[in-house]
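Worksheet for the structure shown next.
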There are 2 protein chains.
Amino acid sequence: MSGEAEAPRPAATIYDVAARAGVNPSTVSRALSKPGRVSAATEARIRRAAEELDFRVNPIARALLTGRTRTIGLVVADATNPAVFGIVRGAEEVASAQDYTLVIAESRGDPDAEVATTDRLLLSVDGLILATTRLPDERIRSLAARKPVVLVNRRLDGVDAVLPDVESGVTALVAHLDALGHRSVVYLAGAHGSWISERRWGAVQRAAAARSMSVAQWGPHAPTIDGGRALAPRILDESHTAVVAFNDLMAIGAMQAVVQRGGAVPGDVSIAGFDDIFGSEFIVPALTTVRTPFEAAGRNAAGALLQRFDGVSWEPELLGTELIVRDSTGPRR
Amino acid sequence: MSGEAEAPRPAATIYDVAARAGVNPSTVSRALSKPGRVSAATEARIRRAAEELDFRVNPIARALLTGRTRTIGLVVADATNPAVFGIVRGAEEVASAQDYTLVIAESRGDPDAEVATTDRLLLSVDGLILATTRLPDERIRSLAARKPVVLVNRRLDGVDAVLPDVESGVTALVAHLDALGHRSVVYLAGAHGSWISERRWGAVQRAAAARSMSVAQWGPHAPTIDGGRALAPRILDESHTAVVAFNDLMAIGAMQAVVQRGGAVPGDVSIAGFDDIFGSEFIVPALTTVRTPFEAAGRNAAGALLQRFDGVSWEPELLGTELIVRDSTGPRR
DNA sequence: TTGTATGCGTTATCAC
DNA sequence: GTGATAACGCATACAA
């Protein structure tokens with residue numbers, strides 16, 4: 001329904017409030033932002049005037065002067081990836097509890113877009129959370145030199161980071177596969193340049209080596225359902241029995257396509273993923289996966305930023321990952 | 001990794017650029033924002049100086065003067081609801097294409113939090129998208145009187161809105177149920193005060209009446225998986241054969257709990273939902289649902305706002321909904 | 001305790 | 001085509 005062209009009357013300023021309360025604008029500012037620095041009587045008058053005029057302080061004017069926007073920028077690769085929603089939610093929770101606003105921007109996994117986005121954001125936020133970023137190191141450093149930056153799923157010396165302890169979950173996953181009789185594992189890599197995909201691959205390699213299992217990495221691929229689907233023919237052709245995908249989306253895609261081509265999961269091939277996204281539990285067969293505590297990651301990242309703002313140093317802690325065994329992995333055929 | 005306390009050197013301003021290029025600050029402003037209003041030679045000098053100083057205009061200072069932030073606020077009830085993914089994505093797509101930044105805030109379905117959120121946002125954005133809001137009418141009107149507002153899934157005279165055409169999808173769903181032999185339908189209502197839940201219920205009623213089927217509404221309930229689970233006992237006890245849930249989350253929860261208690265879906269009871277969220281297709285049995293084009297809704301809403309900003313009037317169009325028949329509905333037992 | 005003056009970085013409105 | 005200047009709304013150092 002298209003409304004009529006409204007005449008948005010100008011918002012009240014501290015000048016309006018001051019005039020109505022019969023005081024100086026600076027007194028209004030003090031009364032409203034530093035309680036106690038003004039006599040009780042005038043404060044009451046000012047509050048009443050402000051109420052009557054429906055006054056709210058203009059965050060833009062305040063920010064220009066103070067240099068603080070009470071805003072946190074969160075840059076994610078792909079907003080449709082269910083995995084990032086945990087991060088968003090955790091960060092939002094912590095931010096809004098401290099009266100910070102969270103600005104979410106999507107880079108679509110395109111590094112150029114990511115540069116543009118961070119550029120645009122940098123001057124309007126107090127700090128930045130870069131989740132699963134594919135920005136070059138120098139670029140991250142240059143951002144971090146200007147404003148507090150916290151990385152999620154990426155490590156870079158001198159920059160705060162919230163990292164999952166991939167090792168624990170992967171070790172359990174590979175042991176699980178080994179126990180089922182699998183002697184080799186194929187790892188389906190995620191996007192090119194993804195730090196976290198590298199880490200997962202490294203952990204798979206180490207865990208497999210410790211058990212004398214052979215491993216191979218395929219990729220990189222789009223970390224999506226379609227990215228996973230595309231791999232099914234090769235999995236079947238080469239008769240692999242155990243596949244670990246970079247994330248659940250890829251695992252789901254691979255599973256679907258394998259079944260569509262007449263393969264059985266886990267009968268012919270066991271498939272596992274990472275993240276434990278929404279749906280992993282409902283799909284048939286239910287997906288075996290390494291759960292990453294995204295919501296906690298989001299909370300930690302936002303918390304780290306808030307501490308930085310207050311000049312408090314922040315001690316990173318690794319987020320434990322956990323193997324969730326479900327039905328997509330089974331004995332080697 | 002906690003970095004050292006950086007000394008974030010102050011960002012360059014137009015004064016710095018002006019000094020370096022040997023011109024007046026106002027000329028810098030013109031050269032950078034209004035191309036062509038300055039001689040080619042000086043513009044080149046200025047651009048070079050800006051480049052060398054790594055200058056970016058301060059959006060806050062600009063906004064203070066112009067009153068335009070190039071920012072759109074999007075308020076959603078629950079960021080963990082997969083249905084909102086689409087809205088977020090669609091809105092982000094349109095906004096960033098026009099160089100607008102999207103600020104996403106979550107109200108957690110709590111009207112008080114929503115009031116606080118919209119309050120906080122109002123002065124720092126150019127316009128607001130309220131998705132599935134539960135704000136009181138007067139409140140929405142008061143927001144709309146100050147800044148352009150677009151509603152998604154809610155109708156209010158005089159305020160722009162993007163609405164799904166519930167009717168078409170629901171009519172098809174009820175016809176489908178009728179054809180399967182069901183003579184009565186239970187509607188599982190969503191949250192209290194949800195405008196869209198009311199609409200869906202109304203459409204179910206009308207479609208059922210047209211086919212002389214009997215209907216009942218239960219609720220309101222939390223529009224979540226748990227909200228759906230809680231209803232399974234009653235569904236089984238009262239031997240209902242057809243259930244339509246307010247959304248897929250509730251439908252999935254109801255389905256799970258029915259099966260856990262020994263019921264069969266669709267053997268004993270057919271269950272359908274709304275939204276076609278991620279996962280509906282993978283769950284077993286795959287969920288029959290009325291798909292709502294959320295991404296288009298997000299795009300439309302953002303588009304409407306952008307048109308309003310330019311003073312262009314906007315013509316709403318209903319978004320068609322579509323019945324997706326899958327395996328959770330079947331012949332009446 | 002309160003008022004005065006100034007500046008944050010930009011753009012718009014004048015002159016020139 | 002370019003420079004000077006005011007103004008956006010607020011917070012703060014300083015004066016009273």
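To find a chain, count down the sequence lines: A is the first, B the second, and so on, and within it residues start at 1.
- When the side-chain nitrogen and oxygen atoms of B/Thr42 are compared with OP1 and OP2 of D/dT2, one or more of them lie within a distance under 4.0 Å.
- Side chain B/Ser26 to base D/dA4: a donor-acceptor pair is found below 3.5 Å.
- Using a 4.0 Å heavy-atom criterion, one finds that A/Thr13 contacts the sugar-phosphate atoms exclusively.
- We find the CG-CG distance between B/Leu163 and B/Asn153 to be 7.0 Å, quoted to the nearest 0.5 Å.
- Across the protein-nucleic acid pair, B/Arg30 atom CZ and D/dA4 atom C1' stand 10 Å apart, rounded to whole Å.
- The separation between A/Ile14 atom CD1 and C/dT4 atom C1' is 13 Å, rounded to whole Å.
- When the nearest nucleotides of DNA chain C are assigned to B/Arg56 and A/Asn24 by heavy-atom distance, the more 5′-ward of the two goes with A/Asn24.
- Closest-nucleotide positions on DNA chain D for B/Ala61 and A/Leu65 were compared, and the one nearer the 5' end corresponds to B/Ala61.
- Distance from the side chain of A/Ser39 is smallest to C/dT2 among C/dT2, D/dA11, D/dG1.
- Residues A/Gln307 and A/Ser313 have side chains that never bring a donor and an acceptor to within less than 3.5 angstrom of each other.
- With 3.5 Å as the limit, one finds no donor-acceptor pair spanning the side chains of A/Ser194 and A/Arg154.
- The CZ atom of A/Arg37 sits 9 Å away from the P atom of D/dA13 (whole-angstrom rounding).
- Between the CD1 atom of B/Ile60 and the P atom of C/dT11 there is a distance of 13 Å, given to the nearest Å.
- What separates CZ of A/Phe55 from C1' of D/dG9 is a distance of 8 Å, to the nearest Å.
- In this structure, NZ of A/Lys34 is placed 15 Å from C1' of C/dT2, rounded to the nearest angstrom.
- Counting atom types as modelled, A/Tyr15 pairs a side-chain N or O with a base atom of D/dC10 as donor and acceptor under 3.5 Å.
- Residue B/Thr27 has a polar side-chain atom (N or O) positioned under 4.0 Å from OP1 or OP2 of D/dG3.
- Rounded to whole Å, the distance from CD1 on B/Ile46 to P on D/dG1 is 13 Å.
- Regarding contacts with the backbone of D/dC10, every side-chain N or O of A/Ser33 stays at 4.0 angstrom or more from both OP1 and OP2.
- The nearest whole Å value for the distance from the CZ atom in A/Arg45 to the C1' atom in C/dG3 is 14 Å.
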*Candidate pair B/Arg134 and B/Asp110, rule salt bridge (charged side-chain N to carboxylate O under 4.0 Å, His left out), full reasoning*: CA-CA 8 Å; B/Arg134 290 167 66 197; B/Asp110 170 7; over 6 Å; no
*asked:* Working note: B/Glu51 + B/Arg47, criterion salt bridge (charged side-chain N to carboxylate O under 4.0 Å, His left out); need CA distance, chi angles, decisive distance, verdict.
replied: CA-CA 6 Å; B/Glu51 175 99 6; B/Arg47 289 207 179 281; over 6 Å; no
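- Looking at heavy-atom distances under 4.0 Å, B/Val57 makes contact with sugar-phosphate atoms alone, never a base.
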